[in-house]
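Note that this is a predicted model, so its numbers are computed, not measured. The chain is numbered in sequence order, starting from 1.
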Amino acid sequence: MTNETAETLKERKAKLRRQAYDARNAQENKDDVSRTIVERFIALPEYAAAKAAMWYLDVRSEVRTRHQLGDALKSGKKIVVPYCTVDDSGANKLGLWHLASLDELVVGKWSILEPPKERCGDPGKEVDPQELDLVMVPGVGFTRDGARMGNGQGYYDRLLRRVRPEAPVVALAYECQLFPELLISPHDVYMDKVITEKAVYHGRGRHGR
């Protein structure tokens, strides 16, 4: 790929990402619409079957999970939340934390709720991605067949490559975040399902490309 082609692709991705951000920011009644989306997630048979489920902690205009997370903690499931960190080489990485109470969380990088830095690595709190039975994923834009556009930092792409193949990966999005197509890179991961306030869309999944 030439430098000009790479730059053009980067510019096109940036334009798509801006369109998706604008659509997400403009979504009305975010609390009510988010409740509907999260209720669809909770009603999935895959969620019922999961012993360890990862929830993301919403920030800015993402589909809001905070309103139902407290109830999830009382469900008897092992609830896991991600936090931003780096690996041994300094690359962006999501750590995983076994959440017992919302009181454990503090405001961290990019104003996202996360466990306190000094407690990261606590025995019994850190979770290996292989333990996850289901993963809830945020995003900026999606297609109905499961393509995902994130913030461009690579956190979720790296995490999802380490999750067991049989563990479903489910994205939450407003219907306004859906595009007919997205610019997909070889490292991008397809979702098994994309849930909006209107429908549950069945994606290609990580192995259906």
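- When all heavy atoms are compared, the tightest approach of Tyr56 to Thr65 is O-OG1, 2.8 Å.
- Counting non-hydrogen atoms of neighbouring residues, nucleotides and ligands closer than 6.0 angstrom, the NZ atom of Lys117 exceeds 12 such neighbours.
- The two residues Val140 and Gln177 come nearest to each other via the heavy atoms O-NE2, 3.0 Å.
- The NZ atom of Lys198 sits 11.5 Å away from atom CD1 of Ile37, with the distance rounded to the nearest 0.5 Å.
- Residue Met191 is tested with Val170, Leu160, Leu172 for a side-chain contact (heavy atoms from CB on, under 4.5 Å); the sole match is Leu160.
- Between Arg164 and Asp133, at least one side-chain nitrogen of the basic residue sits less than 4.0 Å from a carboxylate oxygen of the acidic one, meeting the salt-bridge criterion.
- Look at Arg40 and Glu197 and you find no salt bridge, because none of the NZ, NE, NH1 or NH2 atoms lies under 4.0 Å from a carboxylate O.
- Between Tyr83 and Ile112, every side-chain heavy-atom pair lies at or beyond the 4.5 Å cut-off.
- Following chains of ILVMFWY side-chain contacts shorter than 4.5 Å, one can reach Leu178 starting from Val200, so the two form part of one hydrophobic cluster.
- Comment: Arg161 does not engage Asp157 in a salt bridge, judged by the lack of any side-chain N to carboxylate O separation of less than 4.0 angstrom.
- In this structure, Lys15 and Lys10 have side chains that are not in contact, with every pair of non-hydrogen atoms separated by 4.5 Å or more.
- With a 6.0 Å radius and a threshold of 12 heavy atoms from other residues, nucleotides or ligands, Glu181 has its CD atom at or below the threshold.
- The salt bridge (Lys or Arg N to Asp or Glu O under 4.0 Å) test with Asp58 is passed by exactly one of Arg24, Lys30, Arg66: Arg66.
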| What's the verdict on side chain to side chain contact (heavy atoms under 4.5 Å, CB included) for Arg18 and Asp22, showing C-alpha distance, side-chain angles and the deciding distance? | CA-CA 6 Å; Arg18 185 69 262 162; Asp22 288 345; 3.1 Å; yes
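- Atom CD of Glu28 sits about 10.0 Å away from atom SG of Cys176, to the nearest 0.5 Å.
- Taken together through direct or relayed side-chain contacts under 4.5 Å among Ile, Leu, Val, Met, Phe, Trp and Tyr, Val107 and Val81 form part of one hydrophobic cluster.
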| request: Please lay out, stage by stage, how Thr36 and Asp32 fare under the test side chain to side chain contact (heavy atoms under 4.5 Å, CB included). | output: CA-CA 7 Å; Thr36 297; Asp32 290 340; 5.9 Å; no
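- Closest approach of Gly139 to Phe142, counting heavy atoms only: CA-CZ, 3.5 Å.
- A distance of 11.0 Å separates CG of Leu69 from NZ of Lys74, quoted to the nearest 0.5 Å.
- Looking only at side-chain heavy atoms (C-beta outward), Lys193 and Pro168 stay at 4.5 Å or farther from each other.
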| task | Apply side-chain hydrogen bond (donor to acceptor under 3.5 Å, both in side chains) to the pair Trp97 and Glu104, showing each step before the final yes or no. | result | CA-CA 10 Å; Trp97 177 264; Glu104 296 173 359; 2.8 Å; yes
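- Nearest heavy atom pair, residue Leu113 against residue Leu57, reads O-CD1, 3.0 Å.
- Nearest heavy-atom pair across Ser61 and Tyr174 is O-CE1, 3.2 Å.
- To the nearest 0.5 Å, atom CZ of residue Arg204 and atom CG of residue Asp145 are 4.5 Å apart.
- The side-chain heavy atoms of Leu105 and Leu99, taken from C-beta on, include a pair separated by under 4.5 Å.
- Atoms CD and CG, from Gln68 and Leu73 in turn, are 12.0 Å apart once rounded to the nearest 0.5 Å.
- At a threshold of 4.5 Å between non-hydrogen side-chain atoms, the residues Leu94 and Cys84 count as touching.
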| task | For side chain to side chain contact (heavy atoms under 4.5 Å, CB included), just list the numbers for Arg206 and Val163, CA-CA rounded to whole Å, side-chain angles, deciding distance to a tenth of an Å, and then say yes or no. | result | CA-CA 10 Å; Arg206 287 174 287 163; Val163 173; 3.7 Å; yes
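- In the hydrophobic clustering of ILVMFWY residues, with side-chain heavy atoms under 4.5 Å counting as a link, Ile42 and Val137 come out together.
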| Yes or no on salt bridge (charged side-chain N to carboxylate O under 4.0 Å, His left out) for Glu175 and Arg144, after CA distance, side-chain angles and deciding distance? | CA-CA 10 Å; Glu175 189 77 17; Arg144 288 171 176 80; 3.0 Å; yes
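- Pairs passing the ring pair (Phe, Tyr, Trp, His ring centres under 6.0 Å) check and including a residue from residues 8-42, sequence neighbours excluded, read Phe41-Tyr47, Phe41-Trp55.
- Without hydrogens or angle criteria, Lys51 side chain to Leu132 main chain gives no donor-acceptor distance under 3.5 Å.
- Between the side chain of Lys77 and the backbone N or O of Ala52, no donor-acceptor pair lies under 3.5 Å.
- Using a 4.0 Å cut-off between a side-chain N of Lys or Arg and a carboxylate O of Asp or Glu, Arg148 and Asp188 do not qualify as a salt bridge.
- Distance alone, capped at 3.5 Å, is enough to place a donor-acceptor pair between the Asp128 side chain and the Gln130 backbone.
- In the hydrophobic cluster analysis, where Ile, Leu, Val, Met, Phe, Trp and Tyr join through side-chain heavy atoms closer than 4.5 angstrom, Val106 is grouped apart from Leu96.
- In terms of heavy atoms, Ser34 sits closest to Arg64 at OG-N, 2.9 Å.
- With sequence neighbours excluded, the residues forming a side-chain contact (heavy atoms from CB on, under 4.5 Å) with Ala91 are Asp87, Ser89, Arg158, listed by chain and number.
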| said: Test side chain to side chain contact (heavy atoms under 4.5 Å, CB included) on Lys13 and Leu182; report intermediate values, then the result. | reply: CA-CA 8 Å; Lys13 270 197 166 185; Leu182 291 171; over 6 Å; no
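- Separating the CZ atom in Arg17 from the CG atom in Leu183 is a distance of 10.0 Å, to the nearest 0.5 Å.
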